[in-house]
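Note sheet for the following structure.
Order of listing sets the numbers, starting from 1, for every ligand and every atom in it. Hydrogens, waters and symmetry mates are skipped; everything else that's a heavy atom, side chains included, is used.
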Amino acid sequence: MTLRSKNKKSGQLLTSHAASIIKDANRELKSPARRLLGQRILSLGGLALLSGCDLTSEKSVNTMLRRISFFNDDVQALLFDPNKMAPTYPESMITRPFPFNAYYDIDDVPEVDAGTYRLQLSGLVKGKRVWTLDELRAMPQESQITRHICIEGWSAIGHWGGVRFAEFLKRAGADLTAKYVALHCADNYWTSIDMPTALHAQTLLTLTYDGDVLPPKYGFPMKLRMPTKLGYKNPKHIVAISITNDYPGGYWENQGYNWFGGS
Ligand SMILES: Nc1nc2c(c(=O)[nH]1)N[C@H]1C(S)=C(S)[C@@H](COP(=O)(O)O)O[C@H]1N2
Ligand SMILES: [Mo]
């Protein structure tokens, strides 16, 4: 694949090759970003998605390299701006059908019973520790049309609805000064996020997809939707949440994916 674009300043035609870009990226990267690049996202499209750059000019290639070389948890946490919103989109741009993804096939999606479902809270929480689906549905609901970016090299725009996670954490009496929120799922998947991300205005305790009850494949009965985070940080089928100061890791994070996982 060859990238061609006009350099505005010199008017010169620039040509660069994907292979050399990836070589440069590898040279610039520190682990774990380099490990991640080697393992999962060798495609240029994946790199472009991950960095949010369109790669139409040398400048945007450089921006991409710079962004990827910042794939370091501390730097990313510092760069995270709690007031910066991820882009939102019109209904006409929703990807249909929205892709399914998990560490298993669609036939193995867990079945969670709505009637017996209880969301368990543990750790640094002073208030209510067990929530039913009806109680979550009775809280103020919001919706968002945002882009989900998967590290495997695809992205899709979807429509999710539910309760602002910050509102839920406040009502539940969670310690909002704690470092981490860990999310445990019915399929034994888990991930964890930093408190500023948990409190971000677009972080949604999600109960619906496209106006209907969240279907099993997209995480029934509840998923956490964060447009500021990559796909693997958006856990489906959440059954337990813990508030903690001890680093909880995650299913993919423990296999070398970047913990901060910002999009
Ligand atoms: N419980 C659970 N949540 C999960 C996963 C999983 O395997 N199990 N996969 C993650 C990944 S890598 C992606 S890209 C998204 C896919 O969500 P979707 O099926 O709604 O597209 O779910 C994320 N959350
Ligand atoms: Mo993903």
Side-chain angles (χ1 to χ4, degrees), residues 32-33 35-37 39-43 45-52 71 86 89 93-114 117 119-120 133 143-162 165 181-193 197-198 202-242 248-263:
R35 275 210 309 277
L36 182 146
L37 185 68
Q39 279 170 13
R40 306 289 304 197
I41 47 158
L42 276 168
S43 82
L47 284 174
L49 279 171
L50 193 57
S51 59
F71 254 63
Y89 301 88
M93 284 182 73
I94 294 173
T95 308
R96 300 184 195 279
F98 192 85
F100 160 84
N101 196 27
Y103 68 89
Y104 42 77
D105 280 357
I106 195 158
D107 300 334
D108 297 322
V109 166
E111 282 174 42
V112 179
D113 183 80
Y117 174 78
L119 175 63
Q120 312 281 343
L133 214 41
S143 74
Q144 59 174 242
I145 300 176
T146 51
R147 186 184 292 276
H148 171 116
I149 303 173
C150 174
I151 202 164
E152 288 167 25
W154 56 271
S155 85
I157 293 171
H159 182 193
W160 294 273
F165 196 46
V181 179
L183 307 138
H184 310 271
C185 310
D187 55 4
N188 292 323
Y189 189 85
W190 88 102
T191 187
S192 53
I193 55 172
T197 299
Q202 286 172 309
T203 297
L204 202 66
L205 188 157
T206 301
L207 301 166
T208 67
Y209 184 77
D210 215 7
D212 291 320
V213 172
L214 194 67
K217 62 180 172 180
Y218 301 145
F220 182 85
M222 200 271 273
K223 73 171 268 176
L224 198 64
R225 173 67 198 139
M226 290 168 272
T228 58
K229 289 276 190 238
L230 291 170
Y232 65 90
K233 302 293 296 180
N234 287 238
K236 305 192 284 187
H237 321 285
I238 300 171
V239 291
I241 296 176
S242 46
Y251 180 91
W252 288 119
E253 292 87 338
N254 289 13
Q255 299 176 53
Y257 277 14
N258 168 263
W259 179 76
F260 196 80
S263 69

- Which residue owns the protein heavy atom closest to atom 7 (O) of ligand 1, what's the atom, and how far is it? Tyr103 N, 3.0 Å
- Query: Applying a strict 4.0 Å limit to heavy atoms, is Lys233 in contact with ligand 1?
  - Reply: no
- Name the one of Met226, Arg225, Gln144, Lys236 that satisfies side chain to side chain contact (heavy atoms under 4.5 Å, CB included) with Thr206? Arg225
- Any idea which atoms of ligand 1 are less than 4.0 Å away from a heavy-atom of Trp154? 14 (S), 21 (O)
- Task: Indicate, as side chain, backbone, both or neither, the part of Lys217 found under 4.0 angstrom from ligand 1 when only non-hydrogen atoms are considered.
- Result: backbone
- Task: Just say parallel, tilted or perpendicular for the rings of Phe98 and Tyr218, cut-offs at 30° and 60°.
- Result: perpendicular
- So, for Gly158 and Tyr209, which heavy atoms are closest and what is the spacing to 0.1 Å? CA-OH, 3.4 Å
- Within reach of ligand 1, part of Tyr251 (heavy-atom separation under 4.0 Å): neither
- Task: Measure Tyr189 to ligand 1 on non-hydrogen atoms and call it side chain, backbone, both or neither using the 4.0 Å cut-off.
- Result: side chain
- Item | Lys233 side-chain N/O to Trp259 backbone N/O, donor-acceptor pair under 3.5 Å | yes
- Strictly under 4.0 Å, does any heavy atom of Tyr257 approach an atom of ligand 1? no
- Message: I need the nearest protein heavy-atom contact for atom 19 (O) of ligand 1: residue, atom name and distance, please.
- Response: Lys236 NZ, 2.6 Å
- Item | Beyond-backbone contact of Ile238 with Leu205, side-chain heavy atoms, under 4.5 angstrom | no
- among protein heavy atoms, the one nearest atom 8 (N) of ligand 1 is Asp187 OD2, 2.8 Å
- Determine, considering heavy atoms only, which of Gly231, Ala186, Gly158 sits nearest to atom 11 (C) of ligand 1. Gly231
- Closest to atom 20 (O) of ligand 1 among protein heavy atoms sits Tyr218 CD2, 3.5 Å
- Message: Looking at Thr208 and Gly161, would you say the former's side chain and the latter's main chain have a donor-acceptor pair under 3.5 Å?
- Response: yes
- Taking only heavy atoms of Cys185 into account, list the atoms of ligand 1 that are under 4.0 Å away from them. 1 (N)
- Message: For atom 24 (N) of ligand 1, what's the nearest protein heavy-atom neighbour? Residue, atom name and distance, please.
- Response: Asn234 O, 2.9 Å
- Message: Heavy atoms only, cut-off 4.0 Å: how does Asn101 contact ligand 1, side chain, backbone, both, or neither?
- Response: both
- Measure the distance from atom 21 (O) of ligand 1 to every protein heavy atom, then report the residue, atom name and distance (to 0.1 Å) of the closest one. Pro99 O, 2.7 Å
- Item | Beyond-backbone contact of Tyr103 with Asp187, side-chain heavy atoms, under 4.5 angstrom | yes
- Query: What atoms of ligand 1 come within less than 4.0 Å of a heavy atom belonging to Cys150?
  - Reply: 14 (S)
- Query: Is there a heavy atom in Tyr209 that sits closer than 4.0 Å to ligand 1?
  - Reply: no
- Task: Would you confirm whether His148, through its side chain, and Ser155, through its main-chain N or O, come within 3.5 Å as a donor-acceptor pair?
- Result: no
- Query: In terms of atom number and element, which parts of ligand 1 are under 4.0 angstrom from non-hydrogen atoms of Phe98?
  - Reply: 20 (O), 21 (O)
- Task: With side-chain contact (heavy atoms from CB on, under 4.5 Å) as the test, would you mind laying out the steps for Trp190 and Asn254 before giving the verdict?
- Result: CA-CA 10 Å; Trp190 88 102; Asn254 289 13; 3.4 Å; yes
- For Leu204, does its backbone N or O pair with a side-chain atom of Lys223 as donor and acceptor, under 3.5 Å? no
- Item | Donor-acceptor side-chain pairing of Trp252 and Thr191 below 3.5 angstrom | no
- Note on the structure: atom 15 (C) of ligand 1 sits nearest the protein heavy atom His148 CE1, 3.5 Å
- Residue portion contacting ligand 1 (non-hydrogen atoms closer than 4.0 Å) for Pro235: backbone
